[in-house]
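Everything below concerns the one structure shown next.
Since we're looking at a predicted model, the values are computed, not measured.
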Amino acid sequence: MAYDEKGNVVTIAKKDLPVKLPENINLNSKGNPLDSEKEWKNININGKKYTRETDTLDTFVCSSWYYLRFCSSDNEEYGFKQEEIDYWMPVDQYIGGVEHAILHLLYSRFFMRALGYKNKDFKFNEPFKGLFTQGMVCHETYKDQDNNWLSPEEIIYSDGKYLKKNDTNIQINVGPSESMSKSKKNVIDPENIINNYGADAVRLFILSDSPPEKDVQWSEQGMAASYKFLQKLWGLHNKVKEKIKINIVSSDRNNRLEKFTNQMIKKITNNLENFNYNVIIANIYETFNFFSKEIDNEIDSKILKDNYIKILTLLSPAIPHYSSECLEELGFDMKLSWPNEDKSLMQDDNIDYVIQINGKKRAILNESRGIDQDSLLNIIKSNKLSDKYLKNKVIKKIIFVENRLINLLVNE
């Protein structure tokens, strides 16, 4: 493409294609180096002056084959090696905001099809196995009386009104909450937030506010709450650390602690794999509540330390700085690896049994795992259920499913 002196676009004639780029370009020039190549840039078509288009590729095009380059990053002769992309491709998971995902994904898929066109060695039609479209972080928008966008840093709130900070006589129009963008100035300076609250508090707030596929409404109160919780979590860490130092040796293995840890391993692992990041934050709160109560009991120091290290590992995707600091304080200097669940430690000693009378659920009793039919029947008969459903009745048949239910068929 080229432009005439009035800025009108014209196409380069087919006979003059392909357009070859100049050699020995000065790559140290500011902006696009082609803009400095006047001899190449300024052309003459049929006696008229034209200027070539210097943007040769859209930025999305430039970044739409990077996944192939990553497979062969040290190849200096060609973009990728066939055997290496055969091993690594396709990418397991693509994550991006809705606008980026749509545009970038479009180019990426086109590239894969173009490379595979009439190429039997190229085995791929799709670059990515899975797509997850994340939500956006949103914030109120602000405009002054002249319809100019203003940033949150330029606003103060006083007497129920939004005013311009450097001129409180100017009242501000508050617009809807929209995705943060530089053009609308509804962005929060991350450096100020991190300086005030720390990076982990920011992560904790963004992850906890809503599911990752939904938009997040920025809230200063939410940030403060996340920061406050991290302080409570740090206080709990100090208690655990001191408990470990006491070096208690106990014959009681503390199955409650080990059971809880393994349950958390299963929950958080599943939530990570299924993008349930907000549920992981709920798991962290659950962990805090459990340890806050359990730490007052007598616990073998080795068992406490081993399980606490596993818990800190589970917390590391959500609050990595906190977890790293805690592990360092415990003297943990080994390679960190994701813990595996021990299913034998996850079973509760008691389970819920469904009690049915003539096929209708009448109650749920929490009793010992593995209880036999006669023992469960005796518990039912000593329970108030007996007065209500079994008084003056004859049990004609019993259907018992171990560790699940018992169904008593009685005469009406």
Side-chain angles (χ1 to χ4, degrees), residues 198 200-201 203-205 207-209 211 222 225-274 276-332 336-352 364 366-369:
D200 276 358
R203 292 168 66 92
L204 192 66
F205 165 67
L207 292 175
S208 65
D209 190 67
S226 294
Y227 175 78
K228 186 176 180 181
F229 176 71
L230 278 178
Q231 305 315 303
K232 292 168 67 177
L233 206 57
W234 182 253
L236 176 62
H237 164 74
N238 287 326
K239 283 186 177 181
V240 175
K241 184 177 65 175
E242 293 305 314
K243 192 88 170 187
I244 292 171
K245 284 182 180 177
I246 297 173
N247 197 25
I248 299 173
V249 179
S250 174
S251 58
D252 179 13
R253 284 194 57 82
N254 198 301
N255 288 333
R256 291 187 308 278
L257 176 57
E258 294 185 304
K259 188 184 300 178
F260 178 84
T261 300
N262 280 275
Q263 288 172 344
M264 278 298 126
I265 293 171
K266 182 177 181 180
K267 286 181 181 180
I268 293 179
T269 301
N270 288 340
N271 287 329
L272 275 173
E273 292 173 350
N274 293 294
N276 297 325
Y277 299 146
N278 58 314
V279 183
I280 292 175
I281 306 307
N283 296 149
I284 294 176
Y285 277 88
E286 187 179 350
T287 301
F288 171 80
N289 292 333
F290 176 84
F291 267 81
S292 295
K293 295 176 182 177
E294 194 67 22
I295 198 64
D296 292 329
N297 298 326
E298 183 177 286
I299 310 173
D300 183 277
S301 295
K302 185 180 185 307
I303 292 175
L304 175 59
K305 184 176 181 179
D306 290 346
N307 283 273
Y308 187 51
I309 286 173
K310 291 178 182 178
I311 290 294
L312 290 172
T313 306
L314 297 175
L315 303 188
S316 59
I319 43 177
H321 300 88
Y322 170 86
S323 299
S324 177
E325 187 77 15
C326 292
L327 288 167
E328 185 177 331
E329 286 211 335
L330 292 175
F332 184 84
L336 198 63
S337 59
W338 195 255
N340 295 314
E341 64 188 74
D342 185 343
K343 293 182 179 179
S344 66
L345 294 170
M346 292 174 63
Q347 290 187 335
D348 288 322
D349 296 330
N350 283 14
I351 58 173
D352 290 333
I364 293 178
N366 190 261
E367 300 297 337
S368 300
R369 178 182 294 276

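Checked against salt bridge (charged side-chain N to carboxylate O under 4.0 Å, His left out), Lys232 has no partners two or more places apart in sequence or in another chain. With sequence neighbours excluded, no residue forms a side chain to side chain donor-acceptor pair (under 3.5 Å) with Ser226. Residues meeting the ring-ring contact (aromatic ring centres under 6.0 Å, His included) test with Phe291, sequence neighbours left out: Tyr308. Qualifying side-chain contact (heavy atoms from CB on, under 4.5 Å) partners for Ser368, counting only residues two or more places apart in sequence or in other chains: Asn350. Applying the side-chain contact (heavy atoms from CB on, under 4.5 Å) test to Glu273 and every residue at least two apart in sequence or in another chain returns Thr269, Asn270. Taking Lys245 as the reference, Glu242 meet the salt bridge (charged side-chain N to carboxylate O under 4.0 Å, His left out) condition, with sequence neighbours excluded. Residues satisfying the salt bridge (charged side-chain N to carboxylate O under 4.0 Å, His left out) criterion with Asp352, sequence neighbours excluded, are absent altogether. With sequence neighbours excluded, the residues forming a ring-ring contact (aromatic ring centres under 6.0 Å, His included) with Tyr285 are Phe229, listed by chain and number. Residues passing the side-chain contact (heavy atoms from CB on, under 4.5 Å) test with Asn289, sequence neighbours excluded: none. Remark: Glu325 pairs with no residue by the salt bridge (charged side-chain N to carboxylate O under 4.0 Å, His left out) rule, at least two apart or across chains.
Applying the side-chain hydrogen bond (donor to acceptor under 3.5 Å, both in side chains) test to pairs two or more places apart or on separate chains, those with a residue in residues 313-324 are Asp200-His321. Residue pairs that meet the salt bridge (Lys or Arg N to Asp or Glu O under 4.0 Å) test with at least one member in residues 304-319, sequence neighbours left out, are Lys302-Asp306.
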Between Ile244 and Val240, does a side chain to side chain contact (heavy atoms under 4.5 Å, CB included) hold up when you go through it step by step?
CA-CA 6 Å; Ile244 292 171; Val240 175; 4.0 Å; yes
Side chain to side chain contact (heavy atoms under 4.5 Å, CB included) for Met264 and Phe260? Distances and angles first, verdict last.
CA-CA 6 Å; Met264 278 298 126; Phe260 178 84; 3.6 Å; yes
Would Asp342 and Glu258 count as a side chain to side chain contact (heavy atoms under 4.5 Å, CB included) if you check the C-alpha gap in whole Å, the side-chain angles of each, and the deciding distance to 0.1 Å?
CA-CA 9 Å; Asp342 185 343; Glu258 294 185 304; over 6 Å; no
List the steps, then state whether side chain to side chain contact (heavy atoms under 4.5 Å, CB included) holds for Ile311 with Phe290.
CA-CA 12 Å; Ile311 290 294; Phe290 176 84; over 6 Å; no
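Between Leu327 and Leu312 the shortest heavy-atom distance is CD2-CD1, 3.8 Å. Scanning both residues, Ile265 and Glu341, for their nearest heavy atoms gives CG2-N, 3.6 Å. Between Ile295 and Ser292 the shortest heavy-atom distance is CG2-O, 3.5 Å. Of all heavy-atom pairs between Pro320 and Arg203, the closest is CD-NE, 3.3 Å. Residues Asn278 and Ser208 approach most closely at CB-O, 4.2 Å, considering heavy atoms. Residues Asn262 and Asn340 come closest through the heavy atom pair OD1-O, 4.1 Å.
More than 12 heavy atoms of other residues, nucleotides or ligands shown are found within 6.0 angstrom of CD on Gln231. Atom OH of Tyr227 is surrounded by 12 or fewer heavy atoms from other residues, nucleotides or ligands within 6.0 Å.
Atom CD1 of residue Ile268 and atom OG1 of residue Thr287 lie 5.5 Å apart, to the nearest 0.5 angstrom. Annotation: the span from Leu207 atom CG to Ile281 atom CD1 amounts to 4.5 Å, rounded to 0.5 Å. Within the model, atoms CG of Asn283 and CG of Leu314 stand 9.0 Å from one another, a figure rounded to the nearest 0.5 Å. Rounding to the nearest 0.5 Å gives a distance of 12.0 Å between CZ of Arg256 and NZ of Lys293. One finds the OG1 atom of Thr261 at 11.5 Å from the CD1 atom of Ile309 (value rounded to the nearest 0.5 Å).
Between Lys267 and Val279 the shortest side-chain heavy-atom distance does not fall below 4.5 Å. Here the side chains of Ile280 and Pro317 are not in contact, with every heavy-atom distance at 4.5 Å or above.
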